[in-house]
There are 4 protein chains.
Amino acid sequence: MKRSIRQIQKDETREKLLSAAHIVFGQKGIMAARMSDIAEAAGVSHGTVFVHFKTQETLVAAVIDDFGIRMGQRTHDMARNSGSLRDVLKAHLEGIREDEAFYTQLVIETRSLPPIARETMISIQSAVSFHINQAAQREMDAGVIKPMSMALLFNTWIGLVHYYLTNRDLFSPEKSVIETCGSMLIDHFMHMISSAN
Amino acid sequence: MKRSIRQIQKDETREKLLSAAHIVFGQKGIMAARMSDIAEAAGVSHGTVFVHFKTQETLVAAVIDDFGIRMGQRTHDMARNSGSLRDVLKAHLEGIREDEAFYTQLVIETRSLPPIARETMISIQSAVSFHINQAAQREMDAGVIKPMSMALLFNTWIGLVHYYLTNRDLFSPEKSVIETCGSMLIDHFMHMISSAN
Amino acid sequence: MKRSIRQIQKDETREKLLSAAHIVFGQKGIMAARMSDIAEAAGVSHGTVFVHFKTQETLVAAVIDDFGIRMGQRTHDMARNSGSLRDVLKAHLEGIREDEAFYTQLVIETRSLPPIARETMISIQSAVSFHINQAAQREMDAGVIKPMSMALLFNTWIGLVHYYLTNRDLFSPEKSVIETCGSMLIDHFMHMISSAN
Amino acid sequence: MKRSIRQIQKDETREKLLSAAHIVFGQKGIMAARMSDIAEAAGVSHGTVFVHFKTQETLVAAVIDDFGIRMGQRTHDMARNSGSLRDVLKAHLEGIREDEAFYTQLVIETRSLPPIARETMISIQSAVSFHINQAAQREMDAGVIKPMSMALLFNTWIGLVHYYLTNRDLFSPEKSVIETCGSMLIDHFMHMISSAN
DNA sequence: TATGAATGAGTATTCATTCAT
DNA sequence: GATGAATGAATACTCATTCAT
């Protein structure tokens, strides 16, 4: 069908734009990126961006939403390979690593972005926290890790990870912080909450 | 001397501007605040800002520098009341609390600010870390807290604090996060690193 | 012949476009209507408009031309039912009523439209004026209406009618001004130029 | 005072802008004029326009308001030299003549302008109509002019005048329609409504 | 011929910075 | 030194027009 050829091409352009925006947002920052930057990165004209996304906010929301869905999927997959808390943390970092630059920008800019940003972050954290808590509770019951508030355990982990992500220049200027420091963070965190010394 | 009267007035205006900027930056965000907002908050004309600070960047740098000095002073005072790690953490939070809004913005925006911002943050963290490490080392040697990398211990603490600060809307929408959650954070952190269960 | 089937379809699309444009122009204004509005109203794609009318100006010109021909026809028909001046005025208003919205827009926008607009208006007015003058002259000769310049008599009538059309919001916000005020305008005009008191 | 020198200069710029806009609006049309056209005509930079008028609409409203006040004043002055209906019509045309181009654009564009435009037009017409009616009533009572609805008498006059104004290209392409055709219009109108033949 | 995605020129508006007073 | 009006570079968004399918 003619229809589907055109439709496919349009979808491709949309994907190119979302993908380009995802990259540019990760590099320049979400609000700092100009619409024309994204057009250029996607290899289309300035006007084309507006054919697909009526406003800048719409584009930002779409990229974030896309990202949220992807992260949700990864978090869901996490469940299967569940197992130990260590496994869950590992899976969590792995999920972040695939979108490290964008995720980091989102962490930094959430408060100056449309509400969907906050909602997406919360939704991601909720899902992750669910899995972490489950595994942690198990190990806590088994006496392997210290008794403590689940919320605080989770916030400590997230705080630690976000601190490393948002200070990549200190910890891993050249490449992915997760790759460079991930295992160390897991080891450290596990050690810290472990009931053994 | 006439000179000195003028000089005094000039200094006063400069102080008014720095102080106004500090407040406005804490409210609106550092880069989101317009130069005219700061002029208005300081009760001077728009043009006056540029008499004292040639560019926006200069003003931002000056405010950050000022803040850095203030924080440095507080950190230095920390030493006297040194004592236990718990005391040091308490003093640390107390030092942040006095500039909570601005400090939080600085944490969020550091990467889109002039280099002085980063340098100031690093310098503050270095000083704080020195004291924390000292106290922590003592208690670690005494077997009160688990053996672990000093750097990781510190980064965990900073990550936790920054996570709460930058998510105030979740933890304490109405008032200071430090006031609301400070003791809880200290308790949790001490518990976590303690060698006891 | 295949040819003629295609040709018929093409002509149909063209007619749909002209008709849709006529309506949309009457609603939104001629220059305020977007090409895509017209495509939508005609139930064809945006690009199709340009298959039939190379530029916006061409479309506008065609719609106006179409309208001019229709008005010319009506004016010509007027002649048959000629009779009294009152009959002619009535026929004139009747002719306008059938395209009231579009005619009103044309009156308002003529000066910012392609020259054809002006030419069409002049051509319409000339034809109308011919008939009005003829009837008026007859009644003037008969002493029924005051002696006066034919041009001024005509312009007074047109001015009056256009004033009511272009201020519909004042005189008949809900429906056709001609329907609401037409007879009144004729009565008033006839009374005014009548040689009786 | 320093204050007043600056204030005077600012007011001058504002006046320059209003005056330039008034002229440019009269030439290009009110909505067709770009903000940069007005800046250029006023001899200031593009940005300066926005120092004085926050938005295009604000500028348009200010120019119209200014014009309304001027017309109101003129209409008020009309009262003194009141006398006969002929005098009032003459004064009316005289009042329009001083802003002919702008008034004409306003007549044409009213419907696509901010509400103040319509309100201003109505307010002007109301004032004019008051004076015309008063004089007309007097002469009607004296039996000099035919008995007829005041509203229709007024609308006929306004319609006639607006028709000539908005078709200047037909009646006086080179110069002011009022200058060229004013007396003729008055003579014709007086003749038409006169009870004599 | 019809389609509708892509194009890019055109414009209001913001805001750091300058400079005459 | 203080003032605040003027400046102009920067940028999101619109819409007639083109062109590959």
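Below, each value reflects all heavy atoms present in this structure, side chains not excepted, and no hydrogens, waters or symmetry copies. Below, chain A is the first sequence line, B the second, and so on; all start at residue 1.
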K.L.:
Atom CG of D/Asp37 to atom C1' of E/dG10: distance rounded to whole Å?
P.N.:
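After rounding, the reported distance stands at 12 Å.
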K.L.:
Could you check C/Gly43 against D/Phe53 and say which one's nearest nucleotide on DNA chain E is further toward the 5' end?
P.N.:
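Mapping each residue to its closest nucleotide by heavy atoms, the 5'-most match is C/Gly43.
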K.L.:
Record whether the side chain of D/Arg6 comes under 3.5 Å of the base of F/dT3 through a donor-acceptor pair of N or O atoms.
P.N.:
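Looking at the base of F/dT3, it does pair with a donor or acceptor on the side chain of D/Arg6 (distance under 3.5 Å).
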K.L.:
Among E/dT13, E/dT17, F/dT21, which nucleotide has an atom closest to any side-chain atom of A/Ile5?
P.N.:
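The nucleotide sitting nearest to the side chain is F/dT21.
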K.L.:
In this structure, how many angstroms lie between the P atom of E/dT13 and the CD atom of D/Glu57, rounded?
P.N.:
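Going from CD in D/Glu57 over to P in E/dT13 covers 9 Å.
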K.L.:
Send over the distance from A/Phe50 CZ to E/dA9 P, rounded to a whole Å.
P.N.:
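So the CZ-P distance, A/Phe50 to E/dA9, works out to 15 Å.
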K.L.:
Ignoring the backbone of A/Lys10, work out which of E/dA5, F/dA5, F/dA12 is nearest its side chain.
P.N.:
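Looking only at heavy atoms from C-beta outward on A/Lys10, the closest nucleotide is E/dA5.
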K.L.:
Are the side chains of C/Leu59 and C/His52 in contact, using a 4.5 Å heavy-atom criterion?
P.N.:
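C/His52 does not reach C/Leu59 side chain to side chain.
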K.L.:
In whole Å, I'd like the distance from the NZ atom of C/Lys54 to the C1' atom of F/dT17.
P.N.:
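Computing the C/Lys54:NZ to F/dT17:C1' distance gives 8 Å.
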K.L.:
Using a heavy-atom cut-off of under 4.0 Å over every strand shown, decide if A/Val51 touches base, sugar-phosphate, or nothing.
P.N.:
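Base: the residue A/Val51, judged by heavy atoms under 4.0 Å, touches a nucleobase.
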K.L.:
Let's test this: given Watson-Crick or G-U wobble pairing with both distances under 3.5 Å, identify the partner of F/dC13.
P.N.:
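Across all strands, the one nucleotide that pairs with F/dC13 is E/dG10.
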K.L.:
Taking the nucleotide of DNA chain F with the nearest heavy atom to each, does C/Met31 or B/Gly47 sit closer to the 5' end?
P.N.:
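Looking at the nearest nucleotide for each, B/Gly47 comes out on the 5' side.
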K.L.:
Just by distance, do the side chain of B/Glu109 and the backbone of B/Met31 share a donor-acceptor pair under 3.5 Å?
P.N.:
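Judged by distance alone, yes, a pair lies under 3.5 Å.
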K.L.:
Using a 4.5 Å cut-off on heavy atoms from C-beta on, say whether the side chain of C/Arg168 contacts that of C/Thr104.
P.N.:
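No, every pair of side-chain atoms sits at 4.5 Å or beyond.
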K.L.:
To the nearest angstrom, how far is D/Ile8 atom CD1 from F/dT3 atom P?
P.N.:
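Distance check: D/Ile8 CD1 to F/dT3 P gives 20 Å.
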K.L.:
So for atom CD, which belongs to A/Glu40, do other residues, nucleotides or ligands contribute more than 12 heavy atoms lying within a distance under 6.0 Å?
P.N.:
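No, the 6.0 Å shell around CD holds no more than 12 heavy atoms from other groups.
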K.L.:
How close do D/Gln105 and D/Phe25 get, counting heavy atoms only, and between which atoms?
P.N.:
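Distance-wise, the nearest heavy atoms are CG-O, 3.2 Å.
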K.L.:
Determine: side-chain N/O of D/Thr48 to OP1/OP2 of F/dA6, distance under 4.0 Å, yes or no.
P.N.:
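Looking at the OP1 and OP2 atoms of F/dA6, neither is under 4.0 Å from any side-chain N or O of D/Thr48.
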K.L.:
Is there a side-chain contact between B/Thr58 and B/Phe50, using heavy atoms and a 4.5 Å cut-off?
P.N.:
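SC-SC contact between B/Thr58 and B/Phe50 ruled out.
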K.L.:
So, is B/His52 close to the F/dA2 phosphate, meaning a side-chain N or O under 4.0 Å from OP1 or OP2?
P.N.:
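Result: yes.
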K.L.:
Nearest whole angstrom, please: distance from the C1' of E/dC15 to the CD1 of B/Ile38.
P.N.:
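Taking atom C1' of E/dC15 as the reference, CD1 of B/Ile38 is at 12 Å.
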K.L.:
Please pick, from E/dT7, E/dT14, E/dT21, the nucleotide with the shortest atom-to-atom distance to any side-chain atom of D/Gln9.
P.N.:
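From the listed options, E/dT21 comes nearest.
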K.L.:
Look at the side-chain N and O atoms of A/Thr55 and state whether any lies under 4.0 Å from the OP1 or OP2 oxygen of F/dA12.
P.N.:
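No, A/Thr55 has no side-chain N/O under 4.0 Å of OP1/OP2 on F/dA12.
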K.L.:
Would you say a side-chain N or O of D/Thr13 is under 4.0 Å from OP1 or OP2 of F/dA6?
P.N.:
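It does, given that an N or O in the side chain of D/Thr13 lies less than 4.0 Å from OP1 or OP2 of F/dA6.
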K.L.:
Using heavy atoms to find the nearest nucleotide of DNA chain E for B/Ala33 and D/His46 separately, return the residue whose nucleotide is more 5′.
P.N.:
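Comparing both residues, the 5'-ward one is D/His46.
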K.L.:
CE of B/Met35 versus P of F/dT7: gap in Å, rounded?
P.N.:
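Going from B/Met35 (CE) to F/dT7 (P), I get 21 Å.
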K.L.:
Can you tell me how far P of E/dA9 sits from CZ of D/Arg34, to the nearest Å?
P.N.:
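Whole-Å distance recorded here is 16 Å.
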K.L.:
Using Watson-Crick or G-U wobble geometry with both distances under 3.5 Å, which nucleotide pairs with E/dA20?
P.N.:
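The base-pairing partner of E/dA20, which may sit in any strand shown, is F/dT3.
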